[in-house]
Amino acid sequence: MTGATWLIRSALCPVLCAFALVGSAFAAEAPSIGPPSDSPSQAVDQDAPEDAPIDAEAMAMLNRMAETLAQAQRFTVTIRASYDVVQDTGEKITFGERRAVTLNRPDGLRVEAQESDGKRSLVTFDGKAISVFNADENVYAQIERAGTIDDAVRYLVQDLQVRLPLALLLVSTLPDELERRLQTLDYVERDTLTAVPTDHLVGQTEDVSFQIWIAAEGPPLPQRVSITYQADEGEPQYRADFSDWNLDPVVQAAQLAFHPPEGAERIPVMMRVRRTTAGSPEGTPK
């Protein structure tokens with residue numbers, strides 16, 4: 001594994017893993033940046049029977065959360081997450097991570113991360129380039145990529161093939177993505193033991209089952225997420241707790257620009273080359 005590949009996989013993926021339910025539901029397999037495709041799940045029948053795959057009340061709650069995030073021009077949040085890594089023996093070992101996320105639409109993103117073993121990393125996007133910095137090794141990679149946050153997320157998933165549990169929470173098409181991907185959704189209970197009272201929902205997509213706790217008071221923001229990857233061996237889980245939400249932070253452009261620390265080494269990013277039907281490459285190393 002090259003140094004650049006290691007940097008992308010160990011720094012970039014865990015950092016943004018704080019923001020996408022991988023699989024089909026919250027999952028950034030390939031966010032559809034544009035009009036949503038027609039799907040029976042997009043129209044929720046208020047008169048549907050109680051045993052309908054998608055409960056109308058639960059869907060309304062999830063939609064309110066999705067609209068709140070999608071319409072927010074900026075926000076900051078702290079995420080404390082844990083995830084299972086299935087060993088060759090079948091044993092599952094849990095690792096932890098903490099993320100501080102700053103989003104400023106249309107083209108500003110900063111994610112500071114610390115792993116449970118103390119490793120620190122940083123990802124920034126300023127509308128011109130995606131930068132990934134590993135503080136412990138003092139190395140960074142930078143990919144010139146102009147566009148919006150939506151464009152950057154789609155590029156990371158489709159072109160770099162980075163797996164991003166939770167990245168859909170970053171994109172402005174979140175409501176359409178959820179309705180298009182959901183297969184089942186139900187209401188569980190009003191949970192009074194969370195930091196604020198929350199509405200507890202449970203659902204499934206093609207690849208994962210998930211639970212989400214949405215604040216029942218104030219802005220309907222996610223407070224907790226649990227995902228089970230049913231299609232993966234050992235059915236590992238990903239769990240995240242959200243805190244310190246701020247939907248109107250003061251964000252300066254300088255906060256989102258990446259300035260390499262003194263002595264930091266830039267390493268090249270090797271891009272996956274796709275070939276056209278004529279056999280000519282579409283991409284080249286950066």
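Numbers here simply count residues along the sequence, with the first being 1. Note that this is a predicted model, so its numbers are computed, not measured.
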Check: Does D199 reach the side chain of M61, with side-chain heavy atoms less than 4.5 Å apart?
Finding: yes
Margin query: Tell me if a side-chain donor or acceptor on D126 pairs with a main-chain N or O of A129 at a distance below 3.5 Å.
Written below: yes
Note to self: With heavy-atom distances below 4.5 Å as the criterion, would you say the side chains of Y83 and V85 are in contact?
What the structure shows: yes
Next item on the list: Keeping the roles fixed (side chain from R145, backbone from A152), state whether a donor-acceptor pair exists under 3.5 Å.
Entry: no
Next item on the list: Mark yes when over 12 heavy atoms from residues, nucleotides or ligands other than E233 sit less than 6.0 Å from its CD; otherwise mark no.
Entry: no
Check: With a 4.5 Å heavy-atom cut-off, do D84 and E235 have their side chains touching?
Finding: no
Note to self: For a 4.5 angstrom cut-off between non-hydrogen side-chain atoms, does I214 reach L62?
What the structure shows: yes
Note to self: Show me the pairs that pass ring-ring contact (aromatic ring centres under 6.0 Å, His included) and involve residues 170-204, at least two apart or across chains.
What the structure shows: H200-W213
Next item on the list: Report, as yes or no, whether the 6.0 Å neighbourhood of atom NZ on K92 holds more than 12 heavy atoms from other residues, nucleotides or ligands.
Entry: yes
Notebook entry, point to check: For L256, what are the other residues in its hydrophobic cluster, where any two members join if their side-chain heavy atoms are less than 4.5 angstrom apart?
Noted result: V251
Notebook entry, point to check: Hey, which of L170, T148, L168 is the one that makes side chain to side chain contact (heavy atoms under 4.5 Å, CB included) with V153?
Noted result: L170
Next item on the list: Using atom types as modelled and distance alone, determine if a side-chain donor or acceptor of K119 lies under 3.5 Å from a backbone N or O of D136.
Entry: no
Check: Sub-3.5 Å donor-acceptor pair from the side chain of D186 to the main-chain atoms of V202, do we have one?
Finding: no
Notebook entry, point to check: Within the distance-only criterion (no hydrogens, no angle test), does the side chain of R98 pair as donor or acceptor with the backbone N or O of T78 below 3.5 angstrom?
Noted result: no
Margin query: Determine whether a donor-acceptor pair (N or O, by modelled atom type, separation under 3.5 Å) exists between the side chain of W245 and the backbone of P222.
Written below: yes
